[in-house]
Amino acid sequence: MIAALRKELLLQWRTRAQAVAVFVFGATSLLLFSFAIGPNAAALREYAAGFLWLALLLSSTLTLSESFHEEMENRALEGLLLLPASPRALYYGKAVANAIQLIVLGIALVPVMIVLYDAGTMRLPTLLLIIILGGAGLSAPGTLYAAMTSQIRAKQMLLPLLLFPLIVPVLLAAVKATSLAILGDPMEQGRAWILLLVAFDGIYWSLCGLLFERVVEE
Amino acid sequence: MPMDALAIDAEHLARRFGRRWALVDVSLQLRRGEVMMVAGRNGSGKTTLLRVLATAIRADGGRAVVGGFELARREEIRGISALLSHQSYLYESLTARENLEVVARMRRQDCLRHTEPVLERVGLSARADDPVSTFSAGMRKRLSFARVLLQQPSIAFLDEPYGQLDPEGFGLVDEVVAELRSRDASVLIATHQVERVGRLANRTITLEAGRVR
């Protein structure tokens, strides 16, 4: 898996200009969402968490879909499978690399959210933990579905259609936990939402790793 | 013939794409250290045969033992074989050296010790640190060949190995096939260069509409 992860990180580094474009896309989404609320500081702050995760979700469809572009260009993925490399190791290498990319993107979008929505928080370690767990929760099924749709012509359209219903629990838990981190958590509900994120991450990461071989092997 | 002398023992292999049968009933035996040419017109099933035996795709019928392993034991077959495909299997944004290092690392080989001589062998040392996206079709083919050599296969499947190569490259392919043979590796070559490969091959089969003629 280390070899696969190393390869993924190298590929991401070579195409790092795309990461900048995805960040700009995410930041623009946050800006546009803020227009929907208008100049209502309390409402902006209240909905900040939801919009942060929506921006991350929309950006994730671009990064996840793109992560299989080079694999399919010269059938490089088939070349790896014939080496032989364990499909599971390839999956976890790619899913971890995608998770890292989403987590970095999530962290980079936080200052944008703070500026646009006046949604600062002193609970930064908690927010970081939520972004890590949420990023991992988007990446695991996202990588599997990106592999499934990578050979389809309408992949940019199909990936969100397949992925969005599946990641509703992760999205819900991430939004709730982030919201509590920003707005305050007097009833200490945040812990329960974070535990829910951990549970779904565990399910997705184990199940998707098992299913990946069926998806990529003919 | 004793089974352990056979690198490939295939019986009645069949494969279809949708409703069209690409392979209908192909049986062949390839001994260790032997070179076999698979000839035939476009669409006769040469590529499909090589891809089935290399476990890139599944057979829809028949059975085959490759290197002593049934086709279902993909991982074992992949550990001892290498496929030179129509597709280069290369990452465009990585350099030639990095592409080979990916292969070496996946096979848990010592990268530096293995990649340098192979790059030298295929004549790409001077361009080792250039991205593949800047390579011509012939250079990509050479690098794909380097990928095969790096795997040190006991059984090599070469699909149109001369395609896109210059005359010097043709000589390189001949040398590599001879080298594989001298190491007791078996080579299955699908090609239209019948005369050229005929001089290297021990045996030839010709496919026609998915059957051995």
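Naming: A, B, ... by sequence-line order, numbering from 1 per chain. Values reported hereafter were calculated over all heavy atoms of this structure, with side chains retained and with hydrogens, waters and symmetry mates removed.
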Within a 6.0 Å radius of atom CZ on B:R203, are there more than 12 heavy atoms belonging to other residues, nucleotides or ligands? yes
For chain B, the option from A:L81, A:T15, A:I2 that forms the most heavy-atom pairs under 4.5 Å: A:L81
Side chain to side chain contact (heavy atoms under 4.5 Å, CB included) test vs B:Y91 passes for just one of A:N74, A:L10, A:L80, namely A:L80
Take atom CD in B:E11; do more than 12 heavy atoms of anything else shown fall under 6.0 Å from it? yes
With rounding to the nearest 0.5 Å, note down the distance linking CD in B:Q87 to CD in A:E78. 8.0 Å
Would you give the length of the straight line joining atom OG of B:S85 to atom CZ of A:R75, rounded to the nearest 0.5 angstrom? 6.5 Å
Atom OH of A:Y92: over 12 foreign heavy atoms under 6.0 Å: yes
If I measure from the heavy atoms of chain A, does B:R107 come under 4.5 Å with its side chain, its backbone, both, or neither? side chain
Distance-only criterion, 3.5 Å: show the donor-acceptor pairs between side-chain atoms of residues 156-167 of chain B and protein atoms not counting sequence neighbours.
residue : atom : partner : partner atom : Å
B:D159  : OD1  : B:T47   : OG1          : 3.4
B:D159  : OD2  : B:T47   : OG1          : 2.8
B:D159  : OD2  : B:H86   : NE2          : 3.3
B:E160  : OE2  : B:H192  : N            : 3.4
B:E160  : OE2  : B:H192  : NE2          : 3.3
B:Y162  : OH   : B:D174  : OD1          : 2.5
B:D166  : OD1  : B:R142  : NH2          : 3.2
B:D166  : OD1  : B:E168  : N            : 3.4
B:D166  : OD1  : B:G169  : N            : 2.7

Flag if over 12 foreign heavy atoms under 6.0 Å of CZ, B:R183: yes
Report which part of B:T95 has an atom under 4.5 Å of a heavy atom belonging to chain A: side chain, backbone, both, or neither. both
Please flag which part of A:A89 lies under 4.5 Å from any non-hydrogen atom of chain B: side chain, backbone, both or neither. neither
Nearest-0.5 Å distance that lies between atom CG in B:L90 and atom CD in A:E73: 10.5 Å
Considering only heavy atoms, which portion of B:L83 lies under 4.5 Å from any heavy atom of chain A: side chain, backbone, both, or neither? side chain
Should we count CZ of B:R211 as having more than 12 external heavy atoms under 6.0 Å? no
Nearest 0.5 Å, what's the CZ-CD distance between A:R14 and B:E92? 13.0 Å
Quick check on B:R108: does its CZ atom have over 12 non-hydrogen neighbours (other residues, nucleotides or ligands) under 6.0 Å away? no
With rounding to the nearest 0.5 angstrom, report the OG1 to CD distance, B:T55 to A:E217. 7.0 Å
Considering all heavy atoms of both residues, which atom of A:P84 and which atom of B:R78 are nearest to each other, and what is their separation? CB-CB, 3.5 Å
Flag side-chain contact, heavy atom, 4.5 Å: B:M106 against A:L90: yes
Does anything in residues 68-77 of chain B get under 4.5 Å of chain A by heavy atoms, and if so which residues? B:R74, B:E75
Smallest separation among heavy atoms of B:S93 and A:L11, with atom names: OG-CD2, 3.5 Å
